[in-house]
Protein chains: 2
Amino acid sequence: MATGRTHRPATRSRGIPEATVARLPLYLRALTALSERSVPTVSSEELAAAAGVNSAKLRKDFSYLGSYGTRGVGYDVEYLVYQISRELGLTQDWPVVIVGIGNLGAALANYGGFASRGFRVAALIDADPAMAGKPVAGIPVQHTDDLEKIIKDNGVSIGVIATPAGAAQQVCDRLVAAGVTSILNFAPTVLSVPDGVDVRKVDLSIELQILAFHEQRKAGEETAAGDAALPAATRDDSADQGPDGDVPAVMPA
Amino acid sequence: MATGRTHRPATRSRGIPEATVARLPLYLRALTALSERSVPTVSSEELAAAAGVNSAKLRKDFSYLGSYGTRGVGYDVEYLVYQISRELGLTQDWPVVIVGIGNLGAALANYGGFASRGFRVAALIDADPAMAGKPVAGIPVQHTDDLEKIIKDNGVSIGVIATPAGAAQQVCDRLVAAGVTSILNFAPTVLSVPDGVDVRKVDLSIELQILAFHEQRKAGEETAAGDAALPAATRDDSADQGPDGDVPAVMPA
DNA sequence: ATGTCTTTGTGAACGCGTGCACAAAGATGG
DNA sequence: CCATCTTTGTGCACGCGTTCACAAAGACAT
């Protein structure tokens with residue numbers, strides 16, 4: 001979904017399907033909740049319900065990791081938590097940098113989910129000199145000029161881009177050149193990266209537009225005309241997206 | 001323009017593949033950029049490159065909307081912008097509410113991409129009484145108690161949930177009960193909704209974990225042992241995700 | 001008008017992901 | 001030790017999405 005890039009053709013002896021990888025964090029979350037409640041074992045049916053997926057799918061997903069279940073009983077929660085964590089690479093420390101400390105970047109820096117699971121915010125980077133030294137989420141913001149040094153000094157391989165769209169590709173290029181090989185992109189732009197670099201995209205605008213499509217379809221199926229009790233001054237023809245094009249995710253300052 | 005008479009032929013509007021719908025906003029973005037540069041026409045090859053997809057895929061996607069291209073020439077940019085906008089339902093006004101005005105909620109409220117494309121932030125809602133009346137992004141925050149009234153008075157059908165995980169399902173239930181039929185969920189939880197309600201999920205933690213998986217795989221392929229040029233003194237093993245479980249996306253206050 | 005050239009639109013093949021349905025495996029009880 | 005019961009692991013079929021490859025369609029030059 002996020003990465004429109006095809007992976008390597010062969011050489012995939014470890015072959016865990018991409019769709020399965022995307023669900024592992026979901027299972028892990030559900031398992032962690034069970035673990036905190038000291039639940040010893042869980043059946044595929046129960047866990048699937050908690051994760052919101054089909055139980056057969058869950059079992060097939062786990063089968064790619066190995067046979068970690070016990071027939072007639074289910075799965076050992078603690079063991080499975082460990083196995084999935086290990087498979088996802090969460091048993092090690094992943095330093096990440098966030099570039100673009102605007103509203104969104106600051107929110108990400110404060111995001112608790114980052115600090116957990118082995119992800120550590122190693123640095124915050126912004127192009128605005130006025131931001132330099134200013135602490136956000138307890139971490140001082142550093143200037144873009146030092147990007148390469150920051151990446152290398154901290155051994156960062158995962159970068160988060162929360163800059164305006166116009167700056168994203170340039171930032172991306174610098175990150176990649178400095179050694180980053182995985183990028184989480186919040187800017188509304190298509191990033192082009194060399195082979196071997198993974199990009200995942202989170203695009204709020206696109207998600208909303210997809211919802212609008214389905215919403216419109218639902219509204220059109222029920223009643224053809226008046227739906228909401230709203231004026232809805234729709235008189236635009238094409239000058240709708242003129243003034244903004246695609247506004248950056250967040251202004252850097 | 002307006003040559004296409006297909007209002008809802010029931011033969012084709014029904015069958016737009018979900019994968020295609022998800023790409024339409026991408027095409028729209030690229031087309032809007034071209035439009036602003038006053039480019040009159042564009043070939044599938046050029047547009048596909050701009051959107052980061054395969055040209056055959058793009059042509060097939062457009063074929064679901066109808067035959068809007070001219071062989072030997074390409075696609076009329078303005079016309080296509082209009083057609084896609086209409087198909088996505090962006091020619092009308094979509095009032096949305098954002099529930100949970102923490103760091104992330106505030107960032108979303110300030111997000112330029114919301115205001116554009118027909119999406120209008122109709123209200124900000126938070127459970128914290130101290131937030132009530134306080135303006136965020138120029139919009140006064142309202143208390144959760146008034147959620148139902150706000151939804152109905154504004155004819156809102158799209159809701160954005162940016163609350164902590166623990167509150168998400170409850171907020172979701174209230175939104176749905178009040179008439180919301182599309183939800184964009186930023187809380188790290190599986191939401192259960194009745195049929196007819198669409199939910200899209202944005203989960204930062206999951207995206208990072210997917211990246212970590214690939215990152216680990218890349219590191220393992222190259223060198224079995226020492227990976228980055230980093231000391232990496234933190235060598236934890238399993239007591240990694242204990243303290244947090246799954247921290248809420250953003251604290252509400 | 002005719003031929004050439006460009007680009008669309010799509011038929012067909014392929015691969016991936018999903019879900020069913022069931023046999024195998026192990027627990028449990030007599 | 002055997003019977004029964006529960007739950008896993010997976011073979012198989014199906015449908016969706018992607019990609020190739022090419023004929024049809026139209027622009028453009030002569």
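Just so it is clear, the values below take in all heavy atoms, side chains as well, and ignore hydrogens, waters and symmetry mates.
- At whole-Å resolution of the value, CG in A/Asp61 and P in C/dG19 are 11 Å apart.
- If you measure from atom OH of A/Tyr75 to atom C1' of C/dG26, you get 14 Å, rounded to the nearest angstrom.
- Closest approach of B/Val156 to B/Pro95, counting heavy atoms only: CG1-O, 3.6 Å.
- Between A/Pro17 and B/Gly74, the residue anchored closer to the 5' end of DNA chain C is B/Gly74, taking for each the nucleotide with the nearest heavy atom.
- The number of heavy-atom neighbours closer than 6.0 Å to CD of B/Glu18, taken from other residues, nucleotides and ligands shown, is above 12.
- Separating the CZ atom in B/Arg59 from the OG atom in B/Ser43 is a distance of 9.0 Å, to the nearest 0.5 Å.
- Note on B/Asp203 versus A/Arg29: salt bridge recorded, some NZ/NE/NH1/NH2 to OD/OE distance being below 4.0 Å.
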Base versus backbone protein contacts along nucleotides 20-30 of chain D [heavy-atom cut-off under 4.0 Å; B, S, -]: BB--BBSS---
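- Nucleotide C/dG17 holds its P atom 17 Å from the CD atom of B/Glu18, rounded to whole Å.
- For A/Leu47 and D/dT7, the CG to P distance is 14 Å, given to the nearest whole Å.
- Listed here is the closest heavy atom pair of A/Ile210 and B/Pro25: CG1-CG, 4.5 Å.
- Of the candidate nucleotides D/dG9, C/dT18, C/dG17, D/dG9 has the atom nearest to the side chain of A/Ser67.
- For the segment residues 37-45 of chain B, residues with any heavy atom less than 4.0 angstrom from an atom of DNA chain C are, sorted by number, B/Ser43, B/Ser44.
- At least one donor-acceptor pair closer than 3.5 Å links the side chain of B/Gln216 to the backbone N or O of A/Glu87.
- Contacts of A/Phe62 with the nucleic acid, taken as non-hydrogen atoms under 4.0 Å apart, are absent.
- Under 3.5 Å, the side chains of A/Gln209 and A/Ser205 contain a donor-acceptor pair of N or O atoms.
- Within the 4.5 Å cutoff, the side chain of B/Leu175 has heavy atoms near those of the B/Ile161 side chain.
- Summarising the geometry, the separation between CG on B/Asp76 and P on C/dT7 is reported as 16 Å, rounded to the nearest angstrom.
- Across the protein-nucleic acid pair, A/Lys57 atom NZ and D/dT8 atom P stand 17 Å apart, rounded to whole Å.
- Remark: aromatic rings of B/Tyr68 and B/Tyr79 are close, center separation under 6.0 Å.
- Proximity note for B/Ala19 (side chain, C-beta onward) versus D/dG17, C/dT18, C/dG17: the nearest is D/dG17.
- The phosphate of C/dG17 has neither OP1 nor OP2 within less than 4.0 Å of any side-chain N or O from A/Tyr64.
- If you measure from atom CZ of A/Arg23 to atom P of C/dC16, you get 15 Å, rounded to the nearest angstrom.
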